[in-house]
Structure formats: structure tokens, C-alpha cells
Undergrad: 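Please find one structure pasted underneath; my questions will follow.
Being a predicted model, the structure only gives us computed values, none of them experimental. In what follows, chains are A, B, ... by sequence order, proteins preceding strands, each numbered from 1.
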Protein chains: 2
Amino acid sequence: MPLREAKKAAVRQALVAAANRRFHRHGFEQTTIDEICADAGVSRRTFFRYFENKEALAFPHRTERFERFLALLDGAGHSPNPVDGLRAICQTFAHEYSANREAILAQQRLVDSVPALAAREHEIDCDWETAMAATFRRRFGRGAAAERRARLMAGAAIGVIRATMRYWYEKDGKPDLARLGQEALDGLEHGFLS
Amino acid sequence: MPLREAKKAAVRQALVAAANRRFHRHGFEQTTIDEICADAGVSRRTFFRYFENKEALAFPHRTERFERFLALLDGAGHSPNPVDGLRAICQTFAHEYSANREAILAQQRLVDSVPALAAREHEIDCDWETAMAATFRRRFGRGAAAERRARLMAGAAIGVIRATMRYWYEKDGKPDLARLGQEALDGLEHGFLS
DNA sequence: TCTAAAATGCCACTGAGTGCCAGTTTTGGC
DNA sequence: GCCAAAACTGGCACTCAGTGGCATTTTAGA
């Protein structure tokens, strides 16, 4: 890795680490960007060249996870039933989340306690929903009806995923996330009343 | 109406009106709270006694609509199939939205152009989802499985409703919103693939 | 009419986020 | 190794959202 790139990665990492320490110790709003900068040995002005805003610090894996999701979506394109693809992706992420349970729960407690962070999380959900809709559309073919069906399904999918995650968080990550995910997708596939 | 109450309503109305003018003319971020206050003839400090923040100005009907939704949810509690209740509620709101098409579209264009407003809209969706989940839970009975089913269904419901609204907005409010809503609920009831 | 409560205005303050520019560090060609 | 261009950084001054405190005005009700 070229020197310049390595330094940038180090600064980024230092900022995230400093932020996490302070966020978890004193809370998000109580932590000031100036303090984080001081800890990381960087100027305020520089901070805003690494992160759009304070909230972005709480989702350091945002783009990385999303790109992985895109790749999985792309790769899962063989079955005619798009839910099959989702089931596989669901397994993958369920394992990752279960493996990093403590870290994920801590992050989520933070997010849930700060409306501004919940808002950012929703932005992420929107990205995922849009990506799913695009994939489904490719399966469903042309036409306004197919387009609408793809979007409805993506909306419902992100809805049940969110609900499932919330449930899992609430139960302190004890339930089997992979199983919860499969049940959620059952509802998506066959409806919640039939 | 007592004088004090009437004055408060007038101030509130003046603030919303001034804000709407400026928001639509110059945009949300370009409009300063000071300007809105000046237009409405009120001090900055007073503004914050009427609205939590600048964003709240963009959703003046938030609590009123939500309370109406709660009442409808409560009233639609006879059929064993909770989707039937949703269908009725959907009709009601579809008619209201179609009747105020222009105003609603203008408001939505504003919301869509400002991330901070999209975030507030999501807060509203969360309120609605929670309310639906509570209603469904009453239908589905006790037990962790019923609880989970209620939440999944509420998540999916808000997901398809959001997707439907986005579609309708995108088509400039031309499609028959009531029909779109029924189709969305069909998917919710019977699944998107069976 | 008089008083307690409610509503308002004003001031000073913190903290997020931005524009600008000058100084430093890294890179790539020689 | 040297040098110029490009990238990165720091510091400063600024705008604006949002808050706390307190003095002043307005309303409600006896």
C-alpha cells in the first residue's frame, strides 16, 4: 500500500476508534467532534474530509457491507424465485452478525438511543431496498406491473428484515438469527395470512 | 375557543405558512429559521416553543393524521383477518390523498429533496408500524411466535405502503391510489410469489 | 381590578458544518 | 537525489440550529 493511502487508512481508523471509545463511554451527543479530533491527533477541518458528519462515525462498515450485499445479490441470480437468493444472502449475514454479536449489539444500542443515528440507518436501508428492487426487476421482466411487483417485494423485504433485526436486538442476540430470517422470508414468499 | 388558544393556533399557522412559502420558493436549507420568524412576526426563541426543530415545519399534519390512523385501526377490529382492516383504512387515506393531490405532491417533492426531511418521514413510518404491530398482536394472540408474526407483518405492511406511495409520487399522482393500495395488500396477504 | 400562570422576547452560549487560503507532505518524472 | 505538481492538512472566520436563563408582557379567573 502506498504511503499516502496507508496514512489515510490510519487516520480513519484512529478517528473511528476514538469515537467509539467516547460514544460508548459518554454517549453520542455528549461527545464533541473536537474531542474526537484531539484524541486522534487531527484537526477539526480534517475530520470533515474523512467523514461527512458525526453520524457517519457510527457506521464505519456501511459501504463495505453494502458492496458485499451487492455482490451477493449479483451472484445469487440463478433461481427463478428471487426469494431463494435472499435466503442464501440471509444465511451469510446471519452468520456474520452472530459471530460479532457483542460488537453489533453495542453498536445497535448506540443507534437506538440517538434519533440522528436511526435516521442514518434508514438511509442504509433505502440503499439496500433500491438494490433489491433492481435485482427483482430483472427477474420479473418488463412492464409497469412487474416493476411495481419488484418494488413492493423489495419494500416488504426490507420491512421484514428490519423487524427481524429489531426482534433479535431486543432479545440480546440470543435467538438463532438465521432461523428468524428464514421465517421472515417465508412470510414474504407466501403471505402472512394464507 | 379561548383567546390564548386562538392566538397559539394563529402563530402556529403563520409559521407554517411562512415556512411553506420560503421552502417552496428558495428551498429548505436555503431558508433560515430567522427569516421564517421575521415573516411570522415572532421571535426565534418562540419558534422553538412551537416546533421541535426546522424539519417539523414540513409535517404540519403529523400528529393529526396519526391520531386519525389510530382511531381507524381501533375501529377496524372486527374481522379476524387484520388485512381487511388495513384495506378499509387504505381506502380512506387514498381518497384524502387523491383529493389533495397537488398539495401532497408539492410536500413530497420537498421531502424527497432534503435528507433531513426523509429522516423525519421515517420517524413517522415507525410510529405507524408500531401502532399496526400492536393491533395485529391483539388479533394473533399470546406467545412469542404470534408476537413475531405481528411485527413481521407490520414491517412488511409499512414497507409496501411506502413503496406504493413512492410509485404514486413518481407518476405524479396519476394512478388510482386506492387500487395500488389494494394490490399492495394482496401481496402482503398472499405473498409475492405464490 | 388584581394576581398567578402562561406566553413571549432578548441575550449569550455551544456545537455542527463550510469556505478559504497558506503551509506541509507525497508522488512521479528526471 | 531533486523538483514541480498534486494531494493533504491546519487554522481561522463564519453561518446557522438549538438551548438555558431571565425579565417583560399578556391572559385567565377570582
Undergrad: Show the numbers, then the answer: is there a side-chain contact (heavy atoms from CB on, under 4.5 Å) between A:Phe136 and A:Met132?
TA: CA-CA 6 Å; A:Phe136 298 161; A:Met132 280 193 283; 4.1 Å; yes

Undergrad: Any chance you could list the contact pattern along nucleotides 24-30 of chain D? Use B for base contacts, S for sugar-phosphate-only contacts and - for none, protein heavy atoms under 4.0 Å, 5' to 3'.
TA: --BBS--

Undergrad: Side chains of residues 97-109 of chain A: which donor-acceptor pairs under 3.5 Å do they make with residues two or more places apart or in other chains?
TA:
| unit_1 | atom_1 | unit_2 | atom_2 | d |
| --- | --- | --- | --- | --- |
| A:Ser98 | OG | A:Ala94 | O | 2.8 |
| A:Arg101 | NE | A:Asp172 | O | 3.1 |
| A:Arg101 | NE | A:Gly173 | O | 3.2 |
| A:Arg101 | NH2 | A:Asp172 | O | 2.9 |
| A:Gln107 | NE2 | A:Ala58 | O | 3.1 |
| A:Gln108 | OE1 | A:Tyr169 | OH | 3.4 |
| A:Gln108 | NE2 | A:Asp112 | OD1 | 3.2 |
| A:Gln108 | NE2 | A:Glu121 | OE2 | 3.1 |

Undergrad: Against the six-membered ring of A:Tyr167, is B:Arg148 placed for a cation-pi contact (under 6.0 Å from the centre, within 45° of the normal)?
TA: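 That pair qualifies as a cation-pi contact.
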
Undergrad: Provide the closest heavy-atom pair for B:Ala76 versus B:Arg139 in the form atom of the first, atom of the second, distance.
TA: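 Heavy-atom minimum between the residues: O-NH2, 3.2 Å.
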
Undergrad: Return the minimal non-hydrogen interatomic distance between B:Val83 and B:Leu188, and the atom names on each side.
TA: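 Closest approach of B:Val83 to B:Leu188, heavy atoms only: CG2-CD2, 4.5 Å.
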
Undergrad: Taking all non-hydrogen atoms of both residues into account, name the closest pair between B:His26 and B:Gln30 and its distance.
TA: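 Minimum heavy-atom separation between B:His26 and B:Gln30: O-CB, 3.2 Å.
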
Undergrad: At less than 3.5 Å, do the side-chain atoms of A:Arg44 and the base atoms of D:dG10 form a donor-acceptor pair?
TA: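 A donor-acceptor contact between them is absent.
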
Undergrad: Check this for me: does the side-chain of A:Arg45 come within 3.5 Å of the base of C:dG19 through a donor and an acceptor?
TA: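 In this structure, the two groups form a donor-acceptor pair.
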
Undergrad: Heavy atoms within less than 4.0 Å of DNA chain D: which residues of residues 114-126 of chain A have one? Give them sorted by number.
TA: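 Per residue number, the list is empty: none.
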
Undergrad: Can you tell me which residue pairs pass the side-chain hydrogen bond (donor to acceptor under 3.5 Å, both in side chains) test with a partner in residues 43-58 of chain A, sequence neighbours excluded?
TA: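 side-chain hydrogen bond (donor to acceptor under 3.5 Å, both in side chains) check on residues 43-58 of chain A returns A:Ser43-A:Thr46, A:Glu55-A:Arg120.
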
Undergrad: About how many Å separate NZ of A:Lys174 and NZ of A:Lys171, when rounded to the nearest 0.5 Å?
TA: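 One finds 12.0 Å between NZ of A:Lys171 and NZ of A:Lys174.
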
Undergrad: Could you check which residues of residues 27-35 of chain B get a heavy atom under 4.0 Å from DNA chain D? Sort them by number, please.
TA: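 Result for residues 27-35 of chain B: B:Thr31, B:Thr32, B:Ile33, sorted by number.
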
Undergrad: Could you go through A:Arg68 and A:Ile89, starting from their C-alpha distance and side-chain angles, then the distance that decides it, and tell me whether this counts as side-chain contact (heavy atoms from CB on, under 4.5 Å)?
TA: CA-CA 10 Å; A:Arg68 204 138 39 88; A:Ile89 295 173; over 6 Å; no

Undergrad: In terms of the angle between their ring planes, are B:Phe28 and B:Phe23 parallel, tilted or perpendicular, with boundaries placed at 30° and 60°?
TA: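 Judged by the thresholds at 30° and 60°, the geometry between B:Phe28 and B:Phe23 is tilted.
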
Undergrad: Whole-Å distance between C:dA7 C1' and B:Arg12 CZ?
TA: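 For the pair B:Arg12 CZ and C:dA7 C1', the rounded distance is 16 Å.
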
Undergrad: Please report the interatomic distance CZ(B:Arg87) to CG(B:Asn81), rounded to the nearest 0.5 Å.
TA: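 Interatomic distance, B:Arg87 CZ to B:Asn81 CG, rounded to 0.5 Å: 8.0 Å.
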
Undergrad: Which is it for A:Arg12 and A:Val42 under the side-chain contact (heavy atoms from CB on, under 4.5 Å) test, yes or no, and what are the steps along the way?
TA: CA-CA 10 Å; A:Arg12 195 189 145 82; A:Val42 144; over 6 Å; no

Undergrad: Are A:Phe93 and A:Trp128 an aromatic pair, judged by ring center distance below 6.0 Å?
TA: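 Yes - the distance between ring centres of A:Trp128 and A:Phe93 falls below the 6.0 Å cut-off.
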
Undergrad: Heavy atom of residues 46-58 of chain A under 4.0 Å from DNA chain D: which residues?
TA: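 Listed by number, they are A:Thr46, A:Arg49, A:Tyr50.
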
